[in-house]
Amino acid sequence: MAVPALTFSDDQAEAWDRIADILGGAGIDLLEGALRPDTTGRSGVVAVVGKAGSGKTMLLAELTKALGEAGVDTISGDYEGRRRKDRRTLAILAPTNKAASVLRGRGVPATTIHRILYTPVYDPEYEKIAEWLAGTGDRPTVEGLTDAALDRAKAFYDQVKSIPGALAAAGLRGSDFILGWKRREDPLDIGFVDEASMLDERQFNDLREIFPTLVMFGDPAQLAPVGQSGEMVFDRLSDARKLVLHRIHRQEEDNPILDLAHALADPALDFQAFEAMVAEAARRDDRVVWAERVDAGLMARSPALVWRNQTRVRLIQAFRAAYGAPPDDLLPGEPLICDGIELPLKHRKKRIDLEARGLIKGAQVIYLGPGKKPGFARIHVLGAEDPQVSAASIIKIELPDEEEPFIPSAATMGAAFLHGAAVTIHKAQGSQWPEVQVFAPDLFVAARMGRIEAGLPLWKRLAYVAITRAETRLHWVVRNRLARPALPLTTDDLPTPNAPLRLGTED
């Protein structure tokens, strides 16, 4: 393999060559598509940075493909297989389930950072199936599983490289074949991290312990993690360790959403002039919508993006009222956001179990209904490979001008949730939706306040992040109003897995 299959821009080609040189130090020859037993030990951390549309994901995908052709094993979060002395490993990571699912939708086998920090412990009997599916073992004979069940597992795995999904296709539940989770002890070789602007210092240090060679892909125009003073982890790298992409590839499609995002780089542009640009874009292209009201129907699966918490709470209450949600209960189909795991230290194993199955802070889920025991809820985790779980849940619905939230479901411990019909722009980082509603009055307030973050007006950073969450259509909402939904809430649009995982002891 002499060159990548597609034509790169000059800056992408330079980044490819620099990364290929680093990988060569780790014993991986991208030029020849081969592994070498001897290494020079040249490795370390490098960052590929560029704004939306600059080709970061394209470069990541092509590097992943080239590493696979060179014989590097891609490690997922659900099964690792036996270690071989000569094996080289790659993991493609994202900070959130939604960000990982965006990559998987583009053919890149990504998983979350949590799923790499903690590895599953398989029942030895069922691990034989995993080894067979992964190509490292013979077809097994397992008591209680028919040949037809194994065939279903193989057919699933051939289409979707997910061991738990394949075992679910055979009729098994997670509790049948996963005995527990343990902190990763052995390092891997190469880590690719997408949405690296979201990494905090602790995550960065964890990743450096695992990966001798770490390549981060991030957008310097996004919002830094809370508590890091506007600084991203890759900002501290030397210029020699930062590979900057400038060309905006998606502009070849004449994308008006990206036009607006990149117009924010003009230091002379103020908020009023920017809104005039949005209005003009909406007049000539239906991919930009000048909206007088928030659309409640869109909020059910694509949260309205706001800056202020008080706006978020009021929009959520308006959403629930529009759907006729009772004040003391949730409707199936209501969106939620995981706000963390509330468990004491003695239940560390259960915390790892919940996080490994997708219930990490910031995960988006859809409420399906109550569980069999009080305090349990059935939920669908958006972007997770095994999306349906039943978990002990603490669901909090915040109310305007009230210090204490309303709690329609409360276990003594478990996963905590907030309502997800509206989220702050900070929390939306790493996610994308086909259509996104940006609540412009909040950004106007940020502009009036004149706040600066990392040398840029805060309203411009907020607008940039919010706009680039939209994949195909941007709704710029200019009034504090809500349009009533045309249809009732439903869960019919959610994919149904073969066998839902159960987290807890309901049965």
Side-chain angles (χ1 to χ4, degrees), residues 51-52 197-198 200 218-232 235 257-282 288-294 299 303-319 337 339 362 398-403 405 418-431 436-470 474-482:
K51 292 186 177 180
S197 59
M198 298 175 65
D200 59 32
D219 186 337
Q222 291 198 16
L223 295 157
V226 175
Q228 291 193 191
S229 304
E231 186 178 60
M232 300 169 188
D235 288 337
I257 299 171
L258 284 178
D259 284 338
L260 291 170
H262 292 289
L264 292 162
D266 182 357
L269 186 73
D270 61 18
F271 185 82
Q272 287 75 16
F274 180 71
E275 278 215 317
M277 292 180 66
V278 175
E280 173 58 29
V288 177
V289 178
W290 183 271
E292 296 288 335
R293 300 171 185 267
V294 179
M299 293 170 74
L305 304 187
V306 305
W307 174 45
R308 297 177 296 177
N309 263 317
Q310 64 188 44
T311 306
R312 178 180 63 85
V313 173
R314 292 185 184 282
L315 280 177
I316 287 168
Q317 288 303 310
F319 169 87
I337 300 288
D339 197 40
E398 297 155 291
L399 302 171
D401 306 319
E402 296 283 345
E403 291 187 10
L418 301 174
H419 206 280
V423 301
T424 62
I425 295 168
H426 271 92
K427 282 189 179 292
Q429 286 196 145
S431 296
V436 165
Q437 299 182 90
V438 178
F439 193 72
D442 259 19
L443 301 187
F444 174 69
V445 172
R448 287 282 299 272
M449 291 176 67
R451 284 179 54 179
I452 303 295
E453 183 175 291
L456 288 175
L458 176 60
W459 79 265
K460 288 189 174 182
R461 282 192 177 272
L462 291 167
Y464 176 87
V465 172
I467 286 170
T468 53
R469 299 313 92 203
L474 168 69
H475 298 252
W476 187 262
V477 182
V478 296
R479 295 282 187 272
N480 189 11
R481 299 174 183 168
L482 185 82

**OP:** Kindly indicate, with the supporting measurements, whether the criterion side-chain contact (heavy atoms from CB on, under 4.5 Å) is fulfilled by Leu458 and Met449.
**Re:** CA-CA 9 Å; Leu458 176 60; Met449 291 176 67; over 6 Å; no

Original post:
When you look at Leu482 and Arg293, which way does the side-chain contact (heavy atoms from CB on, under 4.5 Å) test go after all the steps?
Top reply: CA-CA 5 Å; Leu482 185 82; Arg293 300 171 185 267; 6.0 Å; no

**OP:** With Phe439 as reference, evaluate Leu305, Leu315, Val478 under the side chain to side chain contact (heavy atoms under 4.5 Å, CB included) test and give the passing residue.
**Re:**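 Exactly one candidate clears the test, Leu315.
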
First locate atom [atom1] of [X], then atom [atom2] of [Y], and finally report the distance between them rounded to the nearest 0.5 Å.
X	Y	atom1	atom2	result
Leu443	Leu462	CG	CG	6.0 Å
Leu260	Ile467	CG	CD1	5.5 Å
Gln222	Lys51	CD	NZ	11.5 Å
Arg461	Arg451	CZ	CZ	12.5 Å

For [X] versus [Y], what's the shortest heavy-atom pair and its separation?
X	Y	result
Met232	Pro220	CE-O, 3.7 Å
Gln429	Met198	O-CE, 3.0 Å
Pro400	Val313	N-CG1, 3.6 Å
Leu269	Ala263	CD2-O, 3.5 Å
Lys460	Leu264	CD-O, 3.3 Å
Gly420	Ile337	CA-CG1, 3.6 Å

Subject >> With Asp339 via salt bridge (charged side-chain N to carboxylate O under 4.0 Å, His left out) - residues at least two apart >> reply: Lys361

**OP:** List for me each residue that meets salt bridge (charged side-chain N to carboxylate O under 4.0 Å, His left out) alongside Arg469, sequence neighbours excluded, and say none if there are none.
**Re:** none

Subject >> All pairs passing side-chain hydrogen bond (donor to acceptor under 3.5 Å, both in side chains) where residues 265-282 contributes a residue, at least two apart >> reply: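 Counting only pairs at least two positions apart or across chains, the side-chain hydrogen bond (donor to acceptor under 3.5 Å, both in side chains) contacts touching residues 265-282 are Glu275-Trp476, Glu280-Arg283.
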
Original post:
For Tyr464, what residues pass the ring pair (Phe, Tyr, Trp, His ring centres under 6.0 Å) criterion, not counting sequence neighbours?
Top reply: none

Original post:
His475: what forms a ring pair (Phe, Tyr, Trp, His ring centres under 6.0 Å) with it, not counting sequence neighbours?
Top reply: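 Per chain and number, His475 pairs via ring pair (Phe, Tyr, Trp, His ring centres under 6.0 Å) with no residue.
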
**OP:** Please list, chain by chain and in numerical order, all residues satisfying side chain to side chain donor-acceptor pair (under 3.5 Å) with Asn480, sequence neighbours excluded.
**Re:**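 Expected list: none.
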
Subject >> Step-by-step side-chain contact (heavy atoms from CB on, under 4.5 Å) determination, Val436 to Ile257 >> reply: CA-CA 11 Å; Val436 165; Ile257 299 171; over 6 Å; no

**OP:** Under the side-chain contact (heavy atoms from CB on, under 4.5 Å) rule, what do Asn309 and Glu398 come out as? Steps first, then yes or no, please.
**Re:** CA-CA 10 Å; Asn309 263 317; Glu398 297 155 291; 5.5 Å; no

